[in-house]
Protein chains: 2
Amino acid sequence: MKKITCSEWDSLSKIHRLNLINSCTGYKSANLIGTKSPNGIPNVAVFSSVTHLGSSPALLGFILRPNVVPRNTYNNIKATGYFTVNHIAEHMIAQAHQTSASYDAEISEFDMVNLKQEYLSDIDVPFVKDSPVKLLCRYINEYEIAENNTIHIIAAIEEIHFRDEILHNDYWLQLDQADVVAVNGLDGYCLPKIVDRFDYARPHTQTKSILKNGA
Amino acid sequence: MKKITCSEWDSLSKIHRLNLINSCTGYKSANLIGTKSPNGIPNVAVFSSVTHLGSSPALLGFILRPNVVPRNTYNNIKATGYFTVNHIAEHMIAQAHQTSASYDAEISEFDMVNLKQEYLSDIDVPFVKDSPVKLLCRYINEYEIAENNTIHIIAAIEEIHFRDEILHNDYWLQLDQADVVAVNGLDGYCLPKIVDRFDYARPHTQTKSILKNGA
């Protein structure tokens, strides 16, 4: 095993430190967040910090870095109250990554990276057409994380759209059946495959697989 | 495509709603958090909400549900100020899942699920011996998420321990070379494999792969 300490990575170049610290916490979700500006310009940007917060009510969170990236996504969410979360499938990874380029606010990334938008709900906010799982989300609150001046956005999930074949009888969505990817670090796109699912764990009881029961 | 709305999943059974909402935001990190109680009992518990927060300073966050799970992890972190984050490799998934069972505070999950602990730093906090990537973390702050009474823990990463062979020249840790898993929903453990890495994205410039350049 190799060991790197805080004082050691503080002396690394910026990009080396970014690579190390971004990859050391594990795999991240890979999503495109879709928004629309008040004057009607659609925006789409890749995020790897979307995280489940709770099921009842259905809430998710994600982290915004106002000092680093242009704030199109944040400004649009604050102005309209809505955004979409669209899973990235394997065939979309180059286009998804390209949305992280700094395009001007008047330019739609949908056009620039050749992703098609679609409108699936009553709200005027764009979904990514090719995405196999997409959520309509409503902004609820934000918490400023004072330690590094980031913003933790809290949102309610209002609708879930997904490919029929990934839904199990117990309402688990099997993401690998739609080739949904995960992110390793800043820029590594990975394709997961299911290994096993386990029953609810109880003390002093053998861990049981439920994947083989055809849930 | 199938569509499920908020009012529809509110009428599902609790476990069906948990499965749906937990799997709809994408893949999650798979980590074991190790702590020690003030009276010396080691604790280890599986978490899927550990998320990168920033690289300078090196920060991560994770979500605690005080109303749902016993608070051993939280109590120990508050009492000692330290915890470890240990990536789950494919061969450890059944043991890792079993740590989510409600063992009494006086019982060490390490013994119950047969995971070995080890001490790698000057701080008296247990790491998981078999884990291929492990972080020493120091508690910094917490934010109560009022919308669902959860707690967002903010911590500084102080040390990173990892298998030598997963480190690239540019300090990217290639997690699939150590068979690190990701989580799909509540209980699905998945093995990702790298598809591609891309260069920093610039407007009006073709997305470039860097994986083939041997970074």
Side-chain angles (χ1 to χ4, degrees), chain A residues 1-6 16-27 29 31 49-52 54-55 58-60 87 94 97-98 100-101 103 143 147-148 154 158-162 164 170-173 175 182 184-185 187-198 201-203 207, chain B residues 1-6 16-27 29 31 49-52 54-55 58-60 87 94 97-98 100-101 103 143 147-148 154 158-162 164 170-173 175 182 184-185 187-198 201-203 207:
Chain A
M1 299 284 283
K2 194 172 164 58
K3 171 183 176 178
I4 302 184
T5 64
C6 184
H16 285 183
R17 191 175 64 230
L18 281 170
N19 283 331
L20 178 69
I21 305 301
N22 270 276
S23 54
C24 79
T25 51
Y27 287 103
S29 57
N31 286 298
S49 61
V50 172
T51 307
H52 168 82
S55 296
L59 296 176
L60 60 77
H87 289 215
H97 188 75
Q98 186 60 30
S100 62
Y103 294 104
Y143 295 88
E147 287 70 25
N148 66 349
I154 313 296
E158 297 204 334
E159 296 176 3
I160 308 176
H161 303 257
F162 54 88
D164 302 45
D170 66 355
Y171 282 80
W172 179 62
L173 302 179
L175 301 179
N184 175 181
D187 49 28
Y189 294 83
C190 302
L191 186 65
K193 291 293 168 192
I194 187 75
V195 177
D196 211 344
R197 286 183 76 195
F198 297 110
R202 292 177 174 79
T207 320
Chain B
M1 298 285 282
K2 194 170 164 60
K3 171 182 175 178
I4 303 184
T5 64
C6 184
H16 285 183
R17 193 176 61 230
L18 282 170
N19 283 331
L20 178 69
I21 306 301
N22 270 276
S23 54
C24 80
T25 50
Y27 287 103
S29 56
N31 286 299
S49 60
V50 173
T51 307
H52 168 83
S55 295
L59 296 175
L60 60 77
H87 290 215
H97 187 74
Q98 186 61 29
S100 62
Y103 294 103
Y143 294 89
E147 287 70 25
N148 67 348
I154 313 297
E158 297 204 333
E159 296 176 3
I160 308 176
H161 303 256
F162 54 88
D164 302 43
D170 65 355
Y171 283 80
W172 179 62
L173 303 178
L175 301 178
N184 175 180
D187 49 29
Y189 293 83
C190 302
L191 186 65
K193 291 294 167 192
I194 187 74
V195 178
D196 211 342
R197 286 183 76 195
F198 296 110
R202 291 175 174 80
T207 320

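The figures that follow rest on heavy atoms only: side chains count, while hydrogens, waters and symmetry mates do not. Throughout, a chain's letter reflects where its sequence line sits, starting with A, and its residues are numbered from 1.
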Nearest heavy-atom approach of B:Ile21 to A:His52 is O-ND1, 3.6 Å

At a heavy-atom separation under 4.5 Å, does A:Phe198 approach chain B through its side chain, its backbone, both, or neither? both

Under 6.0 Å from the NZ atom of A:Lys2, do we count more than 12 heavy atoms belonging to anything else shown? no

Please look at A:Asn31 and chain B and tell me whether the side chain, the backbone, both or neither of the residue comes under 4.5 angstrom of a heavy atom of that chain. side chain

Segment of A:His97 engaging chain B (4.5 angstrom heavy-atom cut-off): both

With only heavy atoms counted, which part of B:His87 is less than 4.5 Å from chain A, the side chain, the backbone, both or neither? side chain

So for B:Ile154, is it side chain, backbone, both, or neither that comes closer than 4.5 Å to the heavy atoms of chain A? side chain

Who wins among A:Ala58, A:Ala94, A:Ala182, A:Ser49 for the most heavy-atom pairs under 4.5 Å with chain B? A:Ala94

Relative to chain B, which of A:Ile194, A:Thr5, A:Ile160 shows the most heavy atom pairs under 4.5 Å? A:Ile160

Non-hydrogen atoms of B:Gln98 and A:Arg202 that approach each other most closely: NE2-O, 2.8 Å

Distance col, row A:Tyr171:OH vs B:Asn22:CG, nearest 0.5 angstrom, shows 16.0 Å

One should read off an interatomic distance between B:Ser23 OG and A:Leu175 CG, to the nearest 0.5 angstrom, of 6.0 Å

Output the option from A:Ala201, A:Gly26, A:Gly54 having the highest count of non-hydrogen pairs under 4.5 Å with chain B. A:Ala201

Check the pair B:Asp187 / A:Arg197 against salt bridge (charged side-chain N to carboxylate O under 4.0 Å, His left out), numbers first and verdict last. CA-CA 5 Å; B:Asp187 49 29; A:Arg197 286 183 76 195; 2.8 Å; yes

Taking every heavy atom of B:Pro203 against every heavy atom of A:Ala101, the minimum-distance pair comes out as N-CB, 3.4 Å

Who pairs with B:Glu158 by side-chain contact (heavy atoms from CB on, under 4.5 Å), at least two apart in sequence or on another chain? B:Tyr82, B:Leu136, B:Arg138

Under the side chain to side chain contact (heavy atoms under 4.5 Å, CB included) criterion, do A:Ile4 and B:Glu159 qualify, and how do the steps go? CA-CA 6 Å; A:Ile4 302 184; B:Glu159 296 176 3; over 6 Å; no

For residues A:Trp172 and B:Gly188, report the shortest heavy-atom separation together with the two atoms involved. CZ2-CA, 4.3 Å

Write down the atom of B:Tyr143, the atom of A:Glu147, and the distance for their closest heavy-atom approach. OH-OE1, 2.8 Å

Rounded to the nearest 0.5 Å, what's the gap from OG on A:Ser29 to CG on B:Asn184? Could you check? 12.0 Å

Could I get the full list of ring-ring contact (aromatic ring centres under 6.0 Å, His included) partners for A:Phe162, not counting sequence neighbours? none

Value for OG1 (B:Thr25) from CG (A:Leu59), rounded to nearest 0.5 Å, stands at 11.5 Å

Per-residue contact mode, A:Leu173 against chain B (heavy atom under 4.5 angstrom): both

